[in-house]
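Reviewing the structure listed below.
Chain A is the first sequence line, chain B the second, and so forth, proteins listed ahead of strands; every chain is numbered from 1. Computed from heavy atoms alone, side chains included, the values below leave out hydrogens, waters and symmetry copies. Note that the coordinates shown come from a computational prediction; the quantities given were computed from them, not determined experimentally.
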Number of protein chains: 2
Amino acid sequence: MTEIDDVDHRLLRMLREDGRRTFSEMAPEVGLSVAAVKRRVDRLRDSGVITGFTIQIDHAKLGRAVEAFVEITYTGSTPVGEIVRTAYRAPEVQAVHTIAGAPDALVQVRVRDIAHLQQVIDGLRRTGHVTGTKTLMVLGSWTRN
Amino acid sequence: MTEIDDVDHRLLRMLREDGRRTFSEMAPEVGLSVAAVKRRVDRLRDSGVITGFTIQIDHAKLGRAVEAFVEITYTGSTPVGEIVRTAYRAPEVQAVHTIAGAPDALVQVRVRDIAHLQQVIDGLRRTGHVTGTKTLMVLGSWTRN
DNA sequence: ATTGAAACCTTCCAGTA
DNA sequence: TACTGGAAGGTTTCAAT
């Protein structure tokens, strides 16, 4: 594990709130020079703490208003790699988490409507050696920035 | 809903892969001028499709190696706002999803270790009118970029 | 850590199809 | 209405102190 001090944590929080904040904007807030801030952010990227820059999207505005988590259980002989690969194949799948215990996987999906959800779940059930699924329909989400 | 054409989708995909991609870098890829690309990205932000820019963080490198989802059920009289507020209070909570049916909420947490997880779950159980929890320990995660 | 300079990007405005 | 092109201002980046 790399050494992360308080200034690094503040820089991370600022960038999590706005990934486009400029070095010259952050420098006075942490009391360092622009170059020093750049060196720290570069180090956070090189050490793998920051894995990338991205955007947050309102999927509802893109016609995918329905969000759900699908819990999946597999036969005991199904390897993890296959679990992830088969689930991840569907473009509606946003994330796959493998789980210790039951269920074996938790899959986050985003779809247009209920009919589309049905179709994606059917696809998940068909692939691999699925023994059962349980779907958790999301009513609302609050994610930490 | 705003009109999103193919070029907009390509810009969104590029920015999701790298939120720092510059206008001048994207312009030739979509066959437009820099100013035209800026106008489109501005419009995607103004219309609320792009809700923000952020960074992706490897939390394990920050000393929070353990990830889990906690399913929570509440008494029938608990309002949604309180569900979210009480869960969201803990800084270990990354996201709160309210669910239709059972459970009532799915809470994503990141913690240092199992002892820390125990402590956070205890905190979740104490607040509000929780009638039960079930914890899904994450072994691995794959998120779409 | 700071300074200074070069290169690059963003931003805006007027012009054009 | 949407795109192009150029010019101005700011930011990043690198080298030297």
Side-chain angles (χ1 to χ4, degrees), chain A residues 1-65 91 94 110 112 143-145, chain B residues 1-64 94 143-145:
Chain A
M1 192 171 110
T2 28
E3 285 310 314
I4 309 289
D5 66 7
D6 184 59
V7 172
D8 287 327
H9 274 110
R10 283 159 68 195
L11 293 174
L12 284 173
R13 192 163 43 79
M14 287 186 229
L15 287 173
R16 206 161 58 153
E17 286 167 3
D18 179 4
R20 274 198 169 177
R21 218 165 252 184
T22 61
F23 299 141
S24 27
E25 199 176 3
M26 293 187 289
E29 289 196 50
V30 297
L32 288 179
S33 68
V34 172
V37 170
K38 170 179 162 46
R39 257 168 28 98
R40 279 175 179 265
V41 173
D42 284 347
R43 200 162 53 87
L44 287 169
R45 284 198 345 171
D46 294 343
S47 64
V49 173
I50 295 176
T51 60
F53 296 79
T54 188
I55 54 175
Q56 295 159 325
I57 296 179
D58 182 345
H59 290 84
K61 289 229 168 68
L62 291 177
R64 291 201 174 169
Q94 293 294 313
R110 265 185 226 285
R112 286 188 304 275
T143 302
R144 208 173 282 285
N145 264 349
Chain B
M1 194 171 110
T2 30
E3 284 309 314
I4 311 289
D5 66 8
D6 184 58
V7 172
D8 287 328
H9 275 110
R10 283 158 69 194
L11 293 175
L12 284 173
R13 192 163 44 79
M14 287 186 230
L15 286 173
R16 204 161 60 156
E17 288 167 1
D18 179 4
R20 272 197 170 179
R21 216 165 256 184
T22 62
F23 298 142
S24 28
E25 200 176 1
M26 293 187 290
E29 290 196 50
V30 296
L32 288 178
S33 70
V34 172
V37 170
K38 170 178 164 47
R39 247 174 37 88
R40 279 172 179 266
V41 173
D42 284 347
R43 201 161 54 89
L44 287 169
R45 284 199 344 170
D46 294 343
S47 64
V49 174
I50 294 176
T51 59
F53 295 79
T54 188
I55 54 176
Q56 294 158 326
I57 295 178
D58 182 346
H59 290 85
K61 289 229 167 67
L62 291 178
R64 292 203 174 168
Q94 293 296 312
T143 303
R144 208 174 282 284
N145 264 349

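- OP1 or OP2 of C:dT11 lies within a sub-4.0 Å distance of a side-chain N or O belonging to B:Lys38.
- Distance CZ (A:Arg40) to C1' (D:dT12): 19 Å, rounded to an integer number of Å.
- In this structure, A:Thr143 and A:Gln56 have side chains that are not in contact, with every pair of non-hydrogen atoms separated by 4.5 Å or more.
- No more than 12 heavy atoms of other residues, nucleotides or ligands shown are found within 6.0 angstrom of CZ on B:Arg45.
- The side chain to side chain contact (heavy atoms under 4.5 Å, CB included) test with A:Val49 is passed by exactly one of A:Leu12, A:Val41, A:Asp8: A:Leu12.
- Residue B:Arg39 contributes atom CZ, which lies 15 Å from atom P of D:dG5 at whole-angstrom precision.
- Looking only at side-chain heavy atoms (C-beta outward), A:Lys61 and B:Thr51 stay at 4.5 Å or farther from each other.
- Considering only side-chain atoms of A:Ala36, the nucleotide from D:dT4, C:dT11, C:dA1 that sits closest is C:dA1.
- The structure places CG of B:Leu11 at 7.0 Å from CG of B:Leu44, a figure rounded to the nearest 0.5 Å.
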Dump the pairs, protein N or O against N or O of nucleotides 13-17 of chain C, anything under 3.5 Å, distances to one decimal.
none

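- Once rounded to the nearest 0.5 Å, the distance linking CD1 of B:Ile55 with CZ of A:Arg21 reads 11.0 Å.
- At least one side-chain heavy atom of A:His59 sits less than 4.5 Å from a side-chain heavy atom of A:Gln94.
- Contact check of residues 9-33 of chain A against DNA chain C (heavy atom, cut-off under 4.0 Å) returns A:Leu32, A:Ser33.
- Atom CG in A:Asp42 sits about 7 Å away from atom P in D:dT13, given to the nearest Å.
- Side-chain N or O atoms of B:Thr54 include one that pairs as donor or acceptor with a backbone N or O of A:Arg16 at under 3.5 Å.
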